[in-house]
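What's counted below: heavy atoms across the whole structure, side chains too, no hydrogens, waters or symmetry copies.
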Amino acid sequence: MKTKAAVLWGQHEKWMVEEIDLDPPKAGEVLVKLTASGLCHSDEHLVTGDLPFPYPLVGGHEGAGVVESVGPDVTEVAEGDHVVMTFLPACGRCSYCARGLGNLCDAGAAVMLGPQLDNTYRFHARGEDVGQMCLLGTFSEYTVVPAASVVKIDAGIPLDKAALVGCGVTTGFGSAVRTGGVRAGDAVVVVGVGGIGVNAIQGARIAGARLIVAIDPVEFKRTKALEFGATHTASSMDEAWNTVSELTRGQLADVCVLTTDVAEGAHITPALSLVGKRGRVVVTAIGHPEETSITTSLIELTLYEKQLRGSLFGSSNGQHDVPRLLELYNDGLLKLDELITTEYSLEDVNQGYEDMRNGKNIRGLIRY
């Protein structure tokens with residue numbers, strides 16, 4: 001079939017919206033008609049090269065829609081089901097899935113390669129095979145994805161809001177609650193108030209944190225942070241230290257979540273300085289692939305038992321956590337409507353990323 005999609009043909013190029021070919025689903029795959037796709041910063045990393053995916057590829061990895069058809073051997077979902085797509089497939093059978101660590105499923109090894117799990121392509125354009133961002137490619141009106149990458153949700157949930165739970169909401173919430181282990185009464189710092197950071201703030205609020213300090217150089221984002229549960233804001237980590245120290249009587253934060261646009265080695269020392277004894281620094285932001293060093297005080301790490309933790313998809317299990325987060329939304333505890341700053345058509349995808357770079361959006365959304 002034909003579908004309109006945004007294709008990235010090379011590093012530092014613009015997204016090209018064009019009509020391309022899409023093959024039907026094979027065994028274990030589903031065809032989805034997209035309702036909406038979030039404009040996540042990770043797709044900007046494709047443009048800059050910070051995520052080394054092969055070109056060309058259809059972007060987008062945060063989306064929701066309706067199942068149009070299923071391939072052979074698919075029993076989990078059927079035509080007409082409403083689904084959220086998660087950017088990490090979970091087979092349910094490997095060692096990690098068996099331990100409830102679906103975000104670390106062995107099938108995730110394929111998400112940065114381009115083709116589907118069987119090493120063949122579903123998208124084609126200009127005589128070439130076209131890959132899919134994280135096996136998904138939600139910057140397309142239709143896409144074919146693994147059944148292991150979709151989560152069935154209740155039909156009454158608005159799909160444009162549910163789309164955000166495919167990446168940003170779950171990653172941010174989980175970074176605070178699952179990887180960071182935020183508990184009632186904790187003091188939390190979130191560095192970077194974008195589509196991930198604002199949901200780390202929500203996660204900390206829902207978990208019962210007594211103090212949530214949001215750090216961002218953009219005033220608009222600091223104001224938004226207060227709407228989502230931050231108790232205080234600062235424009236830099238240095239500025240935040242005095243606030244955190246004073247409010248905690250010198251004990252500092254229990255958790256610091258790093259959700260900047262790009263993770264830098266230079267971020268680690270000030271982040272660790274914001275947490276106290278047994279404090280956890282969670283690194284969720286994507287770093288430069290060539291950067292392999294950080295500098296910090298090892299004696300402080302040892303004597304104060306501080307911890308540095310990486311977080312992928314917020315250490316979340318999509319099949320469990322996506323429906324649970326949507327239940328929190330239905331109960332009025334999790335804000336999704338308010339996350340969407342601006343809606344765009346697919347043709348305006350480049351404008352959406354320009355707005356993100358300029359600090360105008362918490363989350364931009366493509367609506368089909």
Side-chain angles (χ1 to χ4, degrees), residues 3-4 6 30-43 59-69 76-87 134 136-143 145 147 149-174 194-203 205-206 224 227-229 313-314 316-349 352 355-356 361-368:
T3 182
K4 187 184 295 182
V30 298
L31 171 66
V32 179
K33 181 180 181 181
L34 272 294
T35 297
S37 174
L39 296 176
C40 183
H41 199 112
S42 294
D43 294 282
H61 64 283
E62 181 182 87
V66 180
V67 175
E68 283 278 304
S69 64
E76 302 94 328
V77 293
E79 180 181 345
D81 283 347
H82 289 206
V83 294
V84 169
M85 284 169 276
T86 61
F87 70 94
C134 293
L136 301 181
T138 60
F139 292 172
S140 176
E141 295 172 323
Y142 292 85
T143 188
V145 303
S149 296
V150 301
V151 179
K152 183 179 177 180
I153 63 172
D154 292 340
I157 297 172
L159 283 167
D160 58 332
K161 311 306 186 299
L164 304 177
V165 186
C167 175
V169 174
T170 308
T171 299
F173 184 98
I196 306 295
V198 76
N199 288 296
I201 291 168
Q202 291 209 82
R205 170 179 55 80
I206 292 171
K224 281 292 184 183
E227 296 176 14
F228 284 88
F313 197 35
S316 301
N317 187 324
Q319 293 294 334
H320 173 272
D321 290 329
V322 167
R324 180 61 55 86
L325 289 168
L326 291 173
E327 288 171 359
L328 290 173
Y329 167 68
N330 281 338
D331 290 340
L333 296 172
L334 182 72
K335 297 178 183 291
L336 295 183
D337 303 61
E338 298 86 348
L339 286 173
I340 303 170
T341 314
T342 311
E343 291 189 1
Y344 303 89
S345 67
L346 180 61
E347 287 78 5
D348 291 328
V349 60
D355 291 344
M356 183 202 73
N361 284 343
I362 295 298
R363 191 50 123 216
L365 184 84
I366 293 174
R367 182 188 291 276
Y368 293 99

**Message:** Does Met356 form a side-chain contact (heavy atoms from CB on, under 4.5 Å) with Leu39? I'd like the steps, not just the answer.
**Reply:** CA-CA 9 Å; Met356 183 202 73; Leu39 296 176; over 6 Å; no
**Verdict with reasoning, Val198 to Lys224, per side-chain contact (heavy atoms from CB on, under 4.5 Å)** = CA-CA 8 Å; Val198 76; Lys224 281 292 184 183; 5.5 Å; no
**Request:** Evaluate side-chain contact (heavy atoms from CB on, under 4.5 Å) for Thr171 paired with Asn199, printing each intermediate quantity in order.
**Result:** CA-CA 8 Å; Thr171 299; Asn199 288 296; over 6 Å; no
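Residue Tyr368 comes nearest to Ala36 through the heavy atom pair CD1-N, 3.9 Å, listed as atom of the first residue, atom of the second, then distance. When all heavy atoms are compared, the tightest approach of Leu136 to Ser149 is CD2-CB, 3.9 Å. Ala6 approaches Leu346 most closely through the heavy-atom pair CB-CD1, 4.0 Å. Taking every heavy atom of both residues into account, Asp43 and Gly60 meet most closely at OD1-N, 2.8 Å.
With rounding to the nearest 0.5 angstrom, the CZ atom of Phe173 is 8.0 Å from the CG atom of Asp321. Rounded to the nearest 0.5 Å, atoms CZ (Phe139) and CD (Glu62) are 9.0 Å apart.
Within the 3.5 Å criterion, the main-chain N or O of Gly314 finds a donor-acceptor partner in the side chain of Ser316.
Under the salt bridge (Lys or Arg N to Asp or Glu O under 4.0 Å) criterion, Asp81 pairs with Lys152, not counting sequence neighbours. Applying the side-chain hydrogen bond (donor to acceptor under 3.5 Å, both in side chains) rule to Thr170 yields no partners; only residues at least two apart in sequence or on another chain are considered. Thr3 meets the side-chain contact (heavy atoms from CB on, under 4.5 Å) test with Ile20, Leu22, Phe123, Ser140, Glu141, Tyr142; sequence neighbours excluded. Taking the salt bridge (Lys or Arg N to Asp or Glu O under 4.0 Å) definition, one finds that Glu76 meets it with nothing, sequence neighbours left out. Listed by chain and residue number, Val151, Phe313, Val322 satisfy the side-chain contact (heavy atoms from CB on, under 4.5 Å) test with Thr86 (two or more places apart in sequence, or in another chain). In this structure Lys33 satisfies the side-chain hydrogen bond (donor to acceptor under 3.5 Å, both in side chains) test with no other residue, sequence neighbours excluded. The side-chain hydrogen bond (donor to acceptor under 3.5 Å, both in side chains) search around Thr342 returns Asn361, not counting sequence neighbours. Under the side-chain hydrogen bond (donor to acceptor under 3.5 Å, both in side chains) criterion, Thr143 pairs with Gln132, sequence neighbours left out.
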Listing, residues 153-168 side-chain donor-acceptor contacts under 3.5 Å, not counting sequence neighbours, or none:
residue, atom, partner, partner atom, Å
Asp160, OD2, Arg367, NH2, 2.6

Kindly list each side-chain donor-acceptor pair under 3.5 angstrom involving residues 326-341, sequence neighbours excluded, with atom names and distances?
residue, atom, partner, partner atom, Å
Glu327, OE1, Arg324, NE, 3.4
Tyr329, OH, Asp337, OD1, 2.8
Thr341, OG1, Ile362, N, 2.8
Thr341, OG1, Arg363, N, 3.4

